[in-house]
Amino acid sequence: MKVSAWAWVAVVAALGAAAIEERLLHIGGIFPIHGSGGWQGGQACQPAAMLALEDVNNRPDLLPGYKLNLAWNDSLCEPGLGAAVMYDLLYNPPTKLMLLGGCSTVSTTIGEAAKMWNLVVLSYGSSSPALADRNRFPTFFRTHPSATVHNPLRIKIMQKYDWSRVAILQQAEEVFISTVEDLEVRCKEAGIEIVTRQSFLSDPTDAVRNLKRQDARIIVGLFYVVAARRVLCEIYKNKLYGKSYVWFFIGWYEDGWYEQHLQEEELNCTRDEMRVAAEGHLTTEALMWNKDNEKTISGMTVGDFRRRLNRALIDNGYRNGSTPVGYQEAPLAYDAVWSVALALNRTMERLTARNTSIEKFTYTNKEIADELYSAMNATQFLGVSGRVAFSTDGDRIAWTQVEQMIDGKYNILGYFDGQTDNLTWFNLESWVDGKAPPDRTIVRRQLRTVSLGLFISMCTISAVGAMWALMLLVFTFVYRHRRLIQMSHPACNNITLVGIILCLGSIFLLGLDGQFVSEQKFPSVCGLRAWCLSLGFTLAYGAMFSKIWRVHRLTTKTKTENKRVEPWKLYVMVGSFVVVDVIVLGVWQGVDPQQRTLEVFPLEVPRDTVEDIKIKPELEHCESHHNTIWLGLLYSYKGLLLIFGLFLAYETRSVKLKQINDSRLVGMSIYNVVVLCLITAPVTLVISSQQDAAFAFVSLAIIFCCFLSMALVFVPKIVEVMRHVERAESTVDGAPSKEEEERYQKLLRENEDMQRIISEKEEKIRLLKLKLQERAAIRSREQQAAENHVTAVDATQQMRLRQGGRPAVRIVTPEAPGADESMVPRINFDISESYL
Ligand code: ABU
């Protein structure tokens, strides 16, 4: 009896135990705890879920007669493994009523598949906006807010600081891709330009470099924490931190995330470097911990929950003070279990009313599945994460907060309520220079101008040159009667001097740039430069060229031609050069006038300021649309003149003509001009971007040409005139009298007349001489014939004498050739002697 009684007790106990076991409600849980990528938030979320399970099961008013059981496993935040864990949970009894999931990548897989088992999935740790797609994830809910809740706050902050140019750096995961898509739409609506969007799989090196290249200053970074450490290290290496940069990171990384696991992850940055790079960054995050310390559904305040969680974590082996991954989301996991319990509770009530039971749920029971879905949809309560409620697409509605890392600690800067668009700001932000960085490099335009010292020096030298040229004009005029001056073609020399003055004047115009002339007047200066320099060159060089041309012509003329130098021929030559110039310059000016163009140089960092600005150097140029054609035309025409002048100067290098007494000096001057021009023109084209060098080079070339030409052509004349004056002074006390000067002039004129007469006489003499030579030749032939005749007669007589006869008498007539040589006038003229 006793045995059977005990047996009954045992049977009843066994049956009771079986009944208790049967009254368990099973849910499945997938927690990312280990693994090397993604989010390992299960480390704190799993203990939080177990706390919730304990609390739920301790509540008699919840799930009366049932206990909630959580069967779970680790997914490592890998979608494949997550799917395997799910199949394991579903294909092994007992039947699971719902699934808890974490980590977006895994939730995406199980959320999409769960509908096949009529299972509701509730995620405590999935932020991917893609999960809000009801067509793809019809039974998916989450206590974790979607990552898109950050975006309105980000936009709000950008607007607050007037940042209208931002960049995005993202890890190539669906969660971040869909967040960025939402951010792009919002930025567009707010008129914020996204300057670049860089993404990377696991190595952010190139992406960060590209950000620097694009001059990104305000950068939104979206990546898991392991990638975040790599990015931070690259930020340090590329110096994308400090006063000029603002980074927006995701706010759910655990505290001290930037200085942990550096060695395991083989990062090339020290803790200090990571700290430096992390300083000042902003984070945005949905509020996951209830802000108010009020009692929540479990009867705990947030403080109570935190204490219990900390204890549970310490029990699980976490050191006091260190926060495991997922600590931030722990309230979401806790509230997720409560949501499941409440939804099951509500479903049970509704099913009881319909005389059915939740225990009848199978993976093919659509009716109970729909009840579970509706119950979850209607769940609302105050949890440790705040008010828990789900929108129609299953998303959690939540406030967001912004924090800034100041001195290595996160400080809350403000809260944002997306529903009311209200930003609560505490003005606690801190910036390196006391003000928020600008969203782009502030670029200051700086006109590169010729340095003032150089401009003044060159202008002074050219002014001295121009004065000197004017004095030479006066000198030529004063001593115009001197033979020395007269025989040097003073008119040509004067033209040269006018050309030199124009060339020297063009130096002033070449240095007139934006520091003296307004943008509007600059094109006129361009035109003046071209006219002044071109005409100056043509007058100065053209006059010398015409002289050397005449010298060449005179030396190559036959002696019979007139060797006089007609001045009009020189004027015509110079005049025609000027006409060509005027035509080319006129057409250029009329058809395609020179305009002010700007050459822009790469940005420079200013040395004399700590301001975060860059200098954009600009240089003014005078250019037409077809500048090359016009310059080519002008340069080739003048180049030909130069080369031809050089040839003529070389050809006449040893010629000394009294008609143009300074031809050799002019030749030397031409050498000098040609060499300098041939060097200067191409070099100037090459160094045109260096305003000082180009101006100095051109100015010095012009100055050198002008001064040397003046010195070569005029200094010998001045010296000669001075010497003459000194001689006159040494013989006569004082300057020559007027009478002496007139007498001298008269003598000069007479001398010229005499020379002309001599030339005429010489010509006559030459003709006479020719005639006489002809006549002498005729006579010589006749005399020869007569002599032949006499010789024949003598031979006959001698023969007769030998034969005994008498000699014959020889009669020579005066007409006979060679009869009297004195009858032929002997005239010897040395033409060259008389000529000279
Ligand atoms: N707060 C953690 C989110 C993790 C995830 O969305 O995968």
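Read the numbers this way: they start at 1 and go in the same order the structure lists the ligands and their atoms. We use all heavy atoms of the structure for the numbers below, so side chains are in, but hydrogens, waters and symmetry mates are not.
With Asp304 as the partner, the side-chain hydrogen bond (donor to acceptor under 3.5 Å, both in side chains) test is satisfied by one option alone out of Arg307, Arg308, Arg306: Arg307.
Proximity of a side-chain donor or acceptor of Arg142 to a complementary backbone N or O of Ser128 within less than 3.5 Å is detected.
A salt bridge links Asp370 with Lys366: at least one charged nitrogen is closer than 4.0 Å to a carboxylate oxygen.
Ring centers of Phe390 and Phe140: at least 6.0 Å apart, outside the cut-off. Aromatic ring centres of Trp289 and Tyr327 lie closer together than 6.0 Å.
For the pair Arg134 and Phe141, the cation sits on the ring face: its NZ or CZ lies under 6.0 Å from the ring centre, inside 45° of the axis.
A distance limit of 4.0 angstrom between heavy atoms and ligand 1 selects the residues Trp39, Cys103, Ser104, Gly125, Ser126, Ser127, His144, Tyr224, Trp252, Glu329.
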